[in-house]
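Predicted model only: the values in this text are computed from it and were never measured. One-based numbering along the sequence shown.
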Amino acid sequence: MQFLPPEDAPKGEEGKKYLYTRVRLAWYYRPSDVSDRPVADPRLLLAAIYSEVCDINQLRAKCHVVHRDKISDLSGWKKRPDRFYFNRLFDPYIKKEFEVIPSHDVRNLPDHIRDVLISRYEFVVAEKEVIPDLTDTIRLCDTCQEWCPSPDSVLCDRCKKYFHMRCVQPPLMAKPSRGYGWTCAPCSRKHEEEVDSHELRHPTPTISKIRSNAPAARGRGRPRKDKSLAEKEENLPVKHFNMWPFRYFGQHTVAEDTLDPDDLIFPRTASRVGPKYQANVPTAPDPYNVPPEIEERGGDNTIEVLGIFNTFTESESEEIKKRLSNDPKVQSSVDWLTEVIHRLSEAAMDGSMSNVKITLMRLDKWKKYETPYTDKEWTREEVVAFEDAIQQHGAELRAVRDEVASRSIYEVVRFYGLWKSMKLGEEHQLLKTAGPPPKPVSLQYKSLAEASSGQHVGHADDDTSIIAQPSKTPSCGACRTRESKTWWKAPKGLPTNILCDTCGTNWRKYADLNVRPLREESVPTTKVREKREGTPLSGPSTKRARTSVSVQSTPPPTISIAPQNRCLACMKAGPPGKVLKCKQCGFRVHAGTVGAIVDPTSVDSWVCELCENEETLEASVNPDCLLCPRAANEDKRKKPWPPSDSFLRACKPTEGQGWAHILCAIFTPELSFTDASRLRLVEGLNTVSRHKWSTKCCLCGETEGAVIRCSDCNKEFHASCAWKQGHRFGFEIQPVKSSRRDTTITTTFKGETGCMNAIVSCRDHDHSKRDIYDICETNEGGETALQVYCQAYKQAPVGQAHGLLRKARRLDTILNIRSDVPPPIQLPTSTSDPECYRCHSQFSPAFYPVTETSLALNGTRNGQEVWMCHKCHFEVNETNSAKSMGMMVS
């Protein structure tokens, strides 16, 4: 955009002789840098109304970035090196993308505004939904024949004419709500007349071609190579106004403001004013009518004196200074000085200045117990851990607190201020001893003619990215080649840490790597160290550090590094959108492991199921798992319960409004979920075998709860006890024979297809020879192994019957009811209708023959068949079954 001389160069003609040392660059983003969506085109960029002043030696090469509509042959354009294009704009401050269209395509404007817009800017930036209104023909009010801006005008649904809201009678105070139309007075009157005359006929809708403002489709086939046309497109003149080729002209722009040359060109958003964003503050209490139970403020009982040094004389102050410590470290401590002033002030008011002693603990007036006036001194190990966390997370002190576990967040915040002051003190001491660094000598041309001849800038090679001496057998991390003139540093996540000259250049320029997959025979048999979750395959390359920073440059937007939340299931860190943290209890877990589907805008306000139930009370208030032994009352008094520092807090409600651990529900084969994608409503607790309920756990020795069996031995234990002891939980995929694929449910995870089994193995067993996927391990689509398993094998048959009927069928299976019921036989064709011998009813869905009663023998009585209706038949069977099981049926 602009080459700049040194900051201290004089203004005017004399300053033109100085060599350029700075450059102002317009900023462009890659789509993958600002969003998570994958983009296949490495030449596509996002423009931005944002510039930055950099050192001139940071320039590496020149590239061409043009708008998509300026390119006639896109495929030929992308084949040429250092060629990019854009069609959208990203604003780094409001984190939103906008459309970019040529300014001459804007037609819905008055002529004087449109002429100014076209004469100044080449492009216009607007929201996607505003583009059709801008590119439409000019809209004039049918009443006053003046231009109708979209916010102040309405469209008649019948005659398709535009009107100012102030020009209709009566004037409209607001636009119709979304989904409702509006008709002008003549059209409304005409419609009423048609309705009254009963001649209203709705015309048959005709499918008309939707008019589009998009450019005409280009012809298919291989484009013609026209080098002269491509060079002409590179050198097309682009209008700039104040160094920018575009400005914002969207729904939050007043058209008349664009005539002002000082009007802001940056994208805007709606103002956050109103009850949705502002707090409703109650009215202040009346100061003259104080309730009697509240003590009046301002007396000795409501005031604590912090210091009265302003009342001391000069002699008293000098005497106090002589009594203070001579230790410079103590004298510079804010906590110590505050405590000294507080203690001396209290002693001066009491008249006991000679007996003042500074102790670590003190009793404040508003506290019931003593508190230290300063924090405990930090150890060397704590300071090292703190500095390492600051280097990794920056000023995100909550993430720093997770690394320094022995200190509270309050102590970390206070030490952060002291630590910064200490670093500044070291810098000031260095300046005092060594003096300020010398200013670089600014080079000058001898004359203006020599200055106009140009200047060569930039380094030929980037020493920080080139590897001078690679290993003995270098191999490119992308294409696997072993020969290259120049080797470059590779991003994280590749098999090797170097790239050849071709792959390194493509990565630096286009962020494009064609990674060659590893062959199966080349994969080592030893267990490969797992890649840390969240590490991208193509990480950002190491950028060259700046050599100078301009004070006058526009400060970049503050992009805070989100703290990494550590999942309690796999103990791996991840971003807040992937690893959720409960807002109330602090429980942290992968979203896919608990079936949570959270909107990206409400990640910070997510609460776990147990905390949410405390507000909604939809399930039981007793959070104990129904499949585990009951917890002791002493443990339940600890809040929250279950503790939020364990994965066992991940619970789901059952169909009976109880609770069950996710581990227990998944690794117990008899259980299923009503909604497997969200792991909601555990079903089938009454189908767990009696053996599992009565077997003693080998870990805790309790017989309560239902046990599961180890996959590698005969030990049986509770799922929660196994998790506490560190047993291995995971999933294993076993191949399925082709003859059994029709009867076996198969699934695919990380390219491996087969039958997926839930595995629980004792920690004493050797797991190195088995491929067991952890419960939080994710595939290419971001789904965890737990999600894939539940969706394939844990989904209840909700399409066959509703929940109550499914539960009834399970109970029927347990009680053996209706299992031995003979089917109703077809009634013989006779003249007399059958009649129930108990209730004498002749109407029933089915009649059953009576075989053994005191009234019938072999189904007949006095030569006639004896029948029983449907209702009486099942009442008799249920009574007999209950008596045989020792139950009472009322």
Side-chain angles (χ1 to χ4, degrees), residues 587 593-596 607-633 635-636 640-642 647-695 697 702-708 718-721 723 758 786 789-791 793-819 878 881-882 885-890:
F587 174 62
T593 309
V594 294
V607 293
C608 62
E609 300 257 359
L610 293 176
C611 293
E612 184 180 4
N613 186 67
E614 293 179 0
E615 300 292 335
T616 60
L617 299 179
E618 293 181 357
S620 174
V621 295
N622 183 11
D624 287 345
C625 176
L626 299 178
L627 296 163
C628 296
R630 295 180 182 178
N633 294 330
D635 296 336
K636 290 184 179 181
W641 178 259
F647 181 61
L648 295 179
R649 185 168 176 80
C651 298
K652 290 292 179 177
T654 65
E655 58 183 347
Q657 306 307 322
W659 293 95
H661 291 133
I662 289 182
L663 284 176
C664 301
I666 291 176
F667 290 91
T668 304
E670 294 87 349
L671 304 185
S672 59
F673 294 96
T674 305
D675 185 0
S677 61
R678 299 181 60 192
L679 306 182
R680 290 286 295 179
L681 291 188
V682 182
E683 296 187 8
L685 267 74
N686 47 19
T687 61
V688 179
S689 62
R690 183 177 298 177
H691 168 76
K692 293 184 177 182
W693 292 105
S694 58
T695 303
C697 174
E702 298 288 341
T703 55
E704 290 184 276
V707 298
I708 57 177
H718 299 117
S720 57
C721 297
W723 180 265
L786 186 144
Y789 175 76
C790 290
Q791 293 175 5
Y793 302 97
K794 285 290 187 176
Q795 176 63 52
V798 295
Q800 300 178 6
H802 55 83
L804 187 59
L805 183 55
R806 293 196 301 271
K807 185 175 182 180
R809 288 176 177 176
R810 289 193 295 267
L811 292 174
D812 289 346
T813 306
I814 296 172
L815 300 177
N816 294 324
I817 295 178
R818 306 185 184 184
S819 59
E878 288 179 0
S881 299
M885 297 180 64
M887 297 173 59
M888 176 70 71
V889 179
S890 58

Locate the shortest heavy-atom distance separating I662 from T593; write the atom from each residue and the value.
CD1-O, 3.9 Å
A619: which residues meet the side-chain contact (heavy atoms from CB on, under 4.5 Å) condition with it, sequence neighbours left out?
N613, P653, Q657, W659
Got a sec, which residues hit salt bridge (Lys or Arg N to Asp or Glu O under 4.0 Å) with E670, two or more places apart in sequence or on another chain?
K692
Residues at least two apart in sequence or cross-chain that pass ring pair (Phe, Tyr, Trp, His ring centres under 6.0 Å) with Y793, listed by chain then number, are Y789
Using side chain to side chain contact (heavy atoms under 4.5 Å, CB included), reason through C664 and C628 one step at a time and then give a plain yes or no.
CA-CA 8 Å; C664 301; C628 296; 3.5 Å; yes
Main chain of E609, side chain of K652: is a donor-acceptor contact present, judged purely on distance under 3.5 Å?
no
Minimum heavy-atom separation for L679 to G595, with atom names?
CD1-N, 3.8 Å
Heavy-atom donor-acceptor pair, H661 side chain to F647 backbone, under 3.5 Å
no
Across all chains, not counting sequence neighbours, the salt bridge (Lys or Arg N to Asp or Glu O under 4.0 Å) partners of R810 are E655, E683
Nearest-0.5 Å distance that lies between atom CG in L671 and atom OG1 in T687:
6.5 Å
Write down the atom of V607, the atom of C611, and the distance for their closest heavy-atom approach.
CB-CB, 4.4 Å
Test of understanding: with side chain to side chain donor-acceptor pair (under 3.5 Å), list the residues that count as partners of T703, not counting sequence neighbours.
none
Using modelled atom types and a 3.5 Å cut-off, is there a donor and acceptor pairing between side-chain atoms of Q795 and backbone atoms of T674?
yes
With sequence neighbours excluded, what pairs up with W693 under the side chain to side chain donor-acceptor pair (under 3.5 Å) test?
none
